[in-house]
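Below is one structure, written out as structure tokens; comments come after it.
Atoms considered below: every heavy atom in the structure, side chains included; atoms not considered: hydrogens, waters and symmetry mates. Throughout, a chain's letter reflects where its sequence line sits, starting with A, and its residues are numbered from 1.
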Amino acid sequence: MFKGKFIDNLPKIYGLYTGGFLVFIILMAIAEQAGMTAKTIGILFVAFTVCIYAIIGYLSRTVQVDAYYVAGRQVPTVFNGMATAADWMSGASFVAMAGGIYFGGYTYMAFLIGWTGGYVLVSSLLAPYLRKFGCYTVPDFIGTRYGGNLARFCAVVVLTLASFTYVTAQINATGTIASRALGIPFELGVWVGLVSILLCSMLGGMRAVTWTQVAQYIVLIIAYLIPIFWMSNKNGMGFFPHFMLGEEVARLGELEAQFGLVKNAAADIKAAGVPGGLKSIALPHSGVPEGAMGAWKFISLVICMMVGTASLPHILMRYFTTPSVKAARKSVAWSLFFIALLYTSAPMLATLSKLQLMDPTLATGIIGKPIADVMQIEWVNSWINVKQAFIADFNGDGVLQLNEWFMRGDVVVLATPEVAGLPYVISGLVAAGGMAAAMSTADGLILAIANALSHDIYYKIIDPKADVRKRLLVARSLLIVIGAAGAYIASMRITSILGAVAWAFDFAMSGLFFPLILGVWWKRATKQGAIAGMIAGLASGTAYLIYVYPKFMGNAPWLGIDHLRFGIIGASVCLVVMVVVSLMTPEPDSATQKMIDEVRIPSGKTILGKQH
Amino acid sequence: MSNKEKHWEKTKGLMIITLAIWFFFGYVVFMFGSSLNTASFLGYPLAYYMCAQGSIIAFVVLIFWFANRQEKIDEEFGFTEREGDD
């Protein structure tokens, strides 16, 4: 059945896999009709998919350096696109994005633009050139282009800070989903999540992560799209929701006017005892805030997310795995295509689920109905019991108003199938999808950190004579240590999912964006300039974060640049310092200049050898 | 000007055009969000639509277009990769 090389058989293998997964969903649906309990279905969904990933991880084990670090540079464009999409779409994208749009409407959708537009920067400014360079890690490029261990070391520091901020949020998400689906406490769920993550990456490094990420993308996109199409069709809102929800968006505007968008006073929320992290709808769904400040807040967030995207090492390193420079460019396009499938669906999911709750003429509507009746609804009860939803009758009229219904953002995706009255098999599917999204991103991030530490710190700086066996042993040990550290911090529950995710982008852009692009696009950029830029960018960005973040110093943001946008400060400082210092120091030697010329053309040998 | 320099000039030109289109769909559109929203497309308010789908689709098309253009430039100057270059 499978003749020839593994790579040639990929379409067949993943085609079978997708078919198998669909059959599994149907079997679960039949089992549900036959009386299998919701809990068992949830466990089976998560356990089945995680086992598949573990098997792929085991089959992709390797003892070769280039397979471990860059998957042997033979991942075809479309598959690398899928793997990047899974790498990219985190627990936050899957679980929290629709919830963010649900509460924040248009203003939140700046994230959608930022998290997609960044790929234009990746394709035109970076990915093809980094691929031509032939590096194993992002600091590998900085270290070779600028020369010297200090530049390399600074890049590793920025990479570690940005990726680690991100990874705790992902492990947190796997923990939340594992604990819900398997019915275990969150603190245990985090460790179960970690073991699943490591099963995918430990034995095969980048090669194993690539092939599990493709599998995870397939699960997560199916899990995201099926409920949207089902809900839309079930309620007669449109056969193809993406192009047919215009009326529903307008209807939401009417309902907002009818119920009124009320922002609750913090004192009222506290007095009513609303659990932390729960919100009520207080912003319009499609309305645009008036004035220049509103537009600037939107645009500044877009800047941070776009530039951050182009600086995040776990994404950039995916393009090191393609067979050629040409393939790296195409692969960025496919990545964004696969990402767009989910991102253009998130607003539709938010619209559908919001309407189902808000429209009193629908059977599922709860706003505007007597609270006593709403409390009888099964899903309302079960989410209130786990403190993910809350009802506070502020005006004491016994009727549920829009500002009296509180929910956690994540619940929008996780509970929507139940709210819409879809069979439980869909909830199980959504849990498996969320798990896939969080696991795939966590894998990419942990691997990015461990690879930078093992390749750039251990091999390049500490022990350049280490043999392959020892290098891979160090790489794998670091993987476990970093994963465990992330899980430990996640189990302490420090920040909400989204705050932390946006910070990772800001950290990455503060320290890495300009050293990366100027390394290719400006020959005059010097080692001293890059080092000064990285240090000044990261330090100023971090200082500004401490200055504005409410839980630290809490000062008033300058020009609306709050803690989600501190990268604007960091990256600007980085650019100025890097340019000034570069111009003050002697220009790079002719060998470096020649190397940059070589990087700029696709043909010829990579700068760094196949194995280095 | 050497072949390499000409190739780089063209590559730079393409990069600037690409980023100009990117800037339009990523920023210019949203500078005028509140006035755009009075118009509608497929029944959606226009700014909302651009945010939910319009600009995202534009980015996908833009990157595919960019990749093809750049391949043509590489071909023109004879810098296309051959099998086994790596």
request  = For B/Lys4, look at atom NZ and say whether over 12 heavy atoms of other residues, nucleotides or ligands are found less than 6.0 Å away.
outcome  =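 More than 12 within 6.0 Å, yes.
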Roughly how far, to the nearest 0.5 Å, is the [atom2] atom of [Y] from the [atom1] atom of [X]?
{"X": "A/Asp597", "Y": "B/Ser2", "atom1": "CG", "atom2": "OG", "result": "8.0 Å"}
{"X": "A/Ser345", "Y": "B/Gln53", "atom1": "OG", "atom2": "CD", "result": "8.0 Å"}
{"X": "A/Phe298", "Y": "B/Ser34", "atom1": "CZ", "atom2": "OG", "result": "12.0 Å"}
{"X": "A/Ser286", "Y": "B/Leu46", "atom1": "OG", "atom2": "CG", "result": "11.5 Å"}
{"X": "B/Ile63", "Y": "A/Leu336", "atom1": "CD1", "atom2": "CG", "result": "4.5 Å"}
{"X": "A/Thr344", "Y": "B/Ile57", "atom1": "OG1", "atom2": "CD1", "result": "6.5 Å"}

task = I would like to know whether B/Tyr48 and A/Thr351 meet side-chain hydrogen bond (donor to acceptor under 3.5 Å, both in side chains); could you show each step before the answer?
result = CA-CA 12 Å; B/Tyr48 176 86; A/Thr351 304; 3.2 Å; yes
query = Using a heavy-atom distance cut-off of less than 4.5 Å, which residues of residues 35-43 of chain B contact chain A?
reply = B/Asn37, B/Leu42, B/Gly43
message = Under the criterion side-chain contact (heavy atoms from CB on, under 4.5 Å), I'd like the reasoning laid out for A/Leu121 against B/Trp22: C-alpha separation, chi angles, the key distance, then a yes or no.
response = CA-CA 9 Å; A/Leu121 296 176; B/Trp22 163 80; 3.9 Å; yes
Can you tell which of [options] has the highest number of heavy-atom pairs within less than 4.5 Å of chain B?
{"options": "A/Ala346, A/Gly253, A/Pro128, A/Ser123", "answer": "A/Ser123"}
{"options": "A/Ser324, A/Ala295, A/Ala340", "answer": "A/Ser324"}
{"options": "A/Glu247, A/His242, A/Glu290", "answer": "A/His242"}

request  = Could you check whether the rings of A/Trp334 and B/Phe64 sit parallel, tilted or perpendicular, using 30° and 60° as the cut-offs?
outcome  =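 A/Trp334 and B/Phe64: perpendicular rings.
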ask   = Are A/Arg600 and B/His7 close enough that some pair of their side-chain heavy atoms sits under 4.5 Å apart?
value =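 No; the side chains remain at least 4.5 Å from each other.
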Side chain, backbone, both or neither: which part of [X] has a non-hydrogen atom closer than 4.5 Å to chain B?
{"X": "A/Phe337", "answer": "both"}
{"X": "A/Ile303", "answer": "both"}
{"X": "A/Val249", "answer": "side chain"}
{"X": "A/Leu245", "answer": "both"}

query = Which residue out of B/Leu14, B/Ile21, B/Leu19, B/Thr11 racks up the most heavy-atom pairs below 4.5 Å with chain A?
reply =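 Winner by heavy-atom pair count: B/Leu19.
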inquiry  = For the interface with chain A, which of B/Phe77, B/Trp65, B/Trp8 has the highest count of heavy-atom pairs at distances below 4.5 Å?
reply    =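 Looking at each option in turn, the highest pair count goes to B/Trp8.
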inquiry  = Give me the atom names and distance for the closest heavy-atom approach of B/Thr18 to A/Ser124.
reply    =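 Nearest heavy atoms, B/Thr18 then A/Ser124: CG2-CB, 4.4 Å.
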request  = Might you point out which heavy atoms bring A/Leu112 and B/Cys51 nearest each other, and give the distance in Å?
outcome  = CD1-O, 3.8 Å
message = I'd like to check the side-chain contact (heavy atoms from CB on, under 4.5 Å) partners of B/Ser55; sequence neighbours left out, ordered by chain and number.
response = A/Ile113, B/Phe25, B/Phe30, B/Met50, B/Phe59
message = Heavy-atom cut-off 4.5 Å, strictly under: side chain, backbone, both or neither for B/Phe79 against chain A?
response = both
query = Is a salt bridge present between B/Glu71 and A/Lys330, judged by a nitrogen-to-oxygen distance below 4.0 Å?
reply = yes
